[in-house]
Peer 1: 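Right, I'll just put the structure down here and ask away after.
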Protein chains: 2
Amino acid sequence: MARGKVQLRRIENPVHRQVTFCKRRAGLLKKAKELSVLCDAEIGLIIFSTHGKLYELATKGTMQGMIEKYMKSSQEVHAQVEPNPPQETQEEISMLKQEVHLLQKGLR
Amino acid sequence: MARGKVQLRRIENPVHRQVTFCKRRAGLLKKAKELSVLCDAEIGLIIFSTHGKLYELATKGTMQGMIEKYMKSSQEVHAQVEPNPPQETQEEISMLKQEVHLLQKGLR
DNA sequence: CCCTATATATAATG
DNA sequence: CATTATATATAGGG
């Protein structure tokens, strides 16, 4: 955007990072509100800055209500599919499977 | 944006609304990821469509962890327990590791 | 904060 | 789903 393309990696300069954080956070919140209004969706957005400061948005009702609704829906939707296994764990499985595959090829 | 300015109100035409929902939802998720990476922030995003379908994003860890952190930070007194990774998953990892081991021996 | 040049997002259309 | 004309978002710089 604007006078310089941006790299998709952590901005090292703390001042730049802070400025960008403010601007983009505002933009993100605006977009979230728009999506909610335009498409009649319910949105909950939680942001923790690097230093742990909390920013939030709940477009309908409260964040609490949002969370509760999420809990229920989440259980229904992917209780069996991908419940709690952290992404990391899933990735480990993938890696291992791939390795097994390679090793088996190596044996032949 | 684009060939026509947008009114900040609910889109009545169900088809248009659905299309817009898809596009903007994708955009919002992208922006959220970018903000997270660029500014090293932790973001949790929950979206319920008009018909109650859930879409979510947690940029670090799980949504569960995000929610717990939120609970503490917002100073609410909602103790929430996160279930542990399923044994099944852990076992699968063990099995795979062992298999890798055996195959490696086989190669020697 | 405000501005302005550009990068992006996306409404409308093919 | 791909393209394209415009509307927005925003990086860099006062």
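Per chain, numbering begins at 1; letters A, B, ... match sequence-line order. Computed from a prediction, not measured in an experiment: that's the story for all the values here.
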Peer 1: Taking CD from B/Q7 and P from C/dA11, how many angstroms apart are they, rounded to a whole number?
Peer 2: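 It is 13 Å, rounded to the nearest whole Å.
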Peer 1: Would you please confirm or rule out a distance under 4.0 Å between OP1 or OP2 of C/dT8 and any side-chain N or O of B/K31?
Peer 2: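 Checking B/K31 against C/dT8: no side-chain N or O falls below 4.0 Å of OP1 or OP2.
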Peer 1: With a 4.5 Å limit on heavy-atom distance, are the side chains of B/L35 and A/I47 in contact?
Peer 2: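 A side-chain contact exists here, since the closest heavy-atom pair is under 4.5 Å.
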Peer 1: Taking atom P of C/dA9 as reference, at what distance in whole Å does atom CG of B/L29 sit?
Peer 2: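 In whole Å, C/dA9 P lies 12 Å from B/L29 CG.
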Peer 1: Roughly, in whole Å, what's the span from CD in B/Q18 to P in D/dC1?
Peer 2: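 Value for this atom pair: 12 Å.
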Peer 1: Is any side-chain heavy atom of A/E34 closer than 4.5 Å to a side-chain heavy atom of B/L8?
Peer 2: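 Yes. Closest side-chain heavy atoms under 4.5 Å.
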Peer 1: Rounded to whole angstroms, how far apart are CZ on B/F21 and P on C/dA9?
Peer 2: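 After rounding, the reported distance stands at 18 Å.
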Peer 1: Determine whether B/Y70 and A/I67 make a side-chain contact, defined as any pair of heavy atoms from C-beta on separated by less than 4.5 Å.
Peer 2: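 Answer yes - side chains close enough.
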Peer 1: Would you tell me if any nitrogen or oxygen in the side chain of B/R24 comes within less than 4.0 Å of OP1 or OP2 on C/dA11?
Peer 2: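 The answer is yes; a side-chain N or O of B/R24 sits under 4.0 Å from OP1 or OP2.
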Peer 1: Separation of A/L28 atom CG from D/dT10 atom C1', in whole Å?
Peer 2: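 That distance rounds to 14 Å.
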Peer 1: Kindly point out which of D/dA11, C/dT10, D/dT8 is positioned nearest to the side chain of B/V6?
Peer 2: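 Among the listed nucleotides, the one closest to the side chain of B/V6 is D/dT8.
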Peer 1: Could you state the atom-to-atom distance from CG of A/L8 to P of C/dT8 in whole Å?
Peer 2: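 Spelled out: CG on A/L8 to P on C/dT8 is 9 Å.
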Peer 1: By the 4.0 Å heavy-atom rule, please label A/K23 as base, sugar-phosphate, or nothing.
Peer 2: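 Base contact - A/K23 has a heavy atom under 4.0 Å of at least one base atom.
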Peer 1: Please determine whether a side-chain nitrogen or oxygen atom of A/K5 lies at a distance below 4.0 Å from atom OP1 or OP2 of D/dA11.
Peer 2: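 For D/dA11, neither OP1 nor OP2 has a side-chain N or O of A/K5 closer than 4.0 Å.
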Peer 1: Please report, rounded to the nearest Å, how far the P atom of D/dA9 is from the CZ atom of A/R25.
Peer 2: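 Spelled out: CZ on A/R25 to P on D/dA9 is 16 Å.
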Peer 1: Can you check whether any acceptor in the base of C/dT10 is under 3.5 Å from a donor in the side chain of B/R3, or vice versa?
Peer 2: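 No, no donor-acceptor pair under 3.5 Å.
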Peer 1: Are the side chains of B/V6 and B/R24 in contact, using a 4.5 Å heavy-atom criterion?
Peer 2: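 Answer yes - side chains close enough.
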Peer 1: Let me spell it out: for each of B/G4 and B/L38, pick the nucleotide of DNA chain D with the closest heavy atom. Which residue's pick is nearer the 5' end?
Peer 2: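 The 5'-side residue here is B/G4.
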Peer 1: Report yes if at least one side-chain N or O of A/T20 is closer than 4.0 Å to OP1 or OP2 of D/dT10; otherwise report no.
Peer 2: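 Indeed not, no polar side-chain atom of A/T20 lies that close.
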Peer 1: Take atom NE2 of A/H16 and atom C1' of D/dG12, then tell me their distance rounded to the nearest Å.
Peer 2: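 The distance from NE2 of A/H16 to C1' of D/dG12 comes to 8 Å, rounded to the nearest Å.
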Peer 1: Could you tell me if the side chain of B/K60 sits less than 4.5 Å from the side chain of B/D40, heavy atoms only?
Peer 2: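 They are in side-chain contact.
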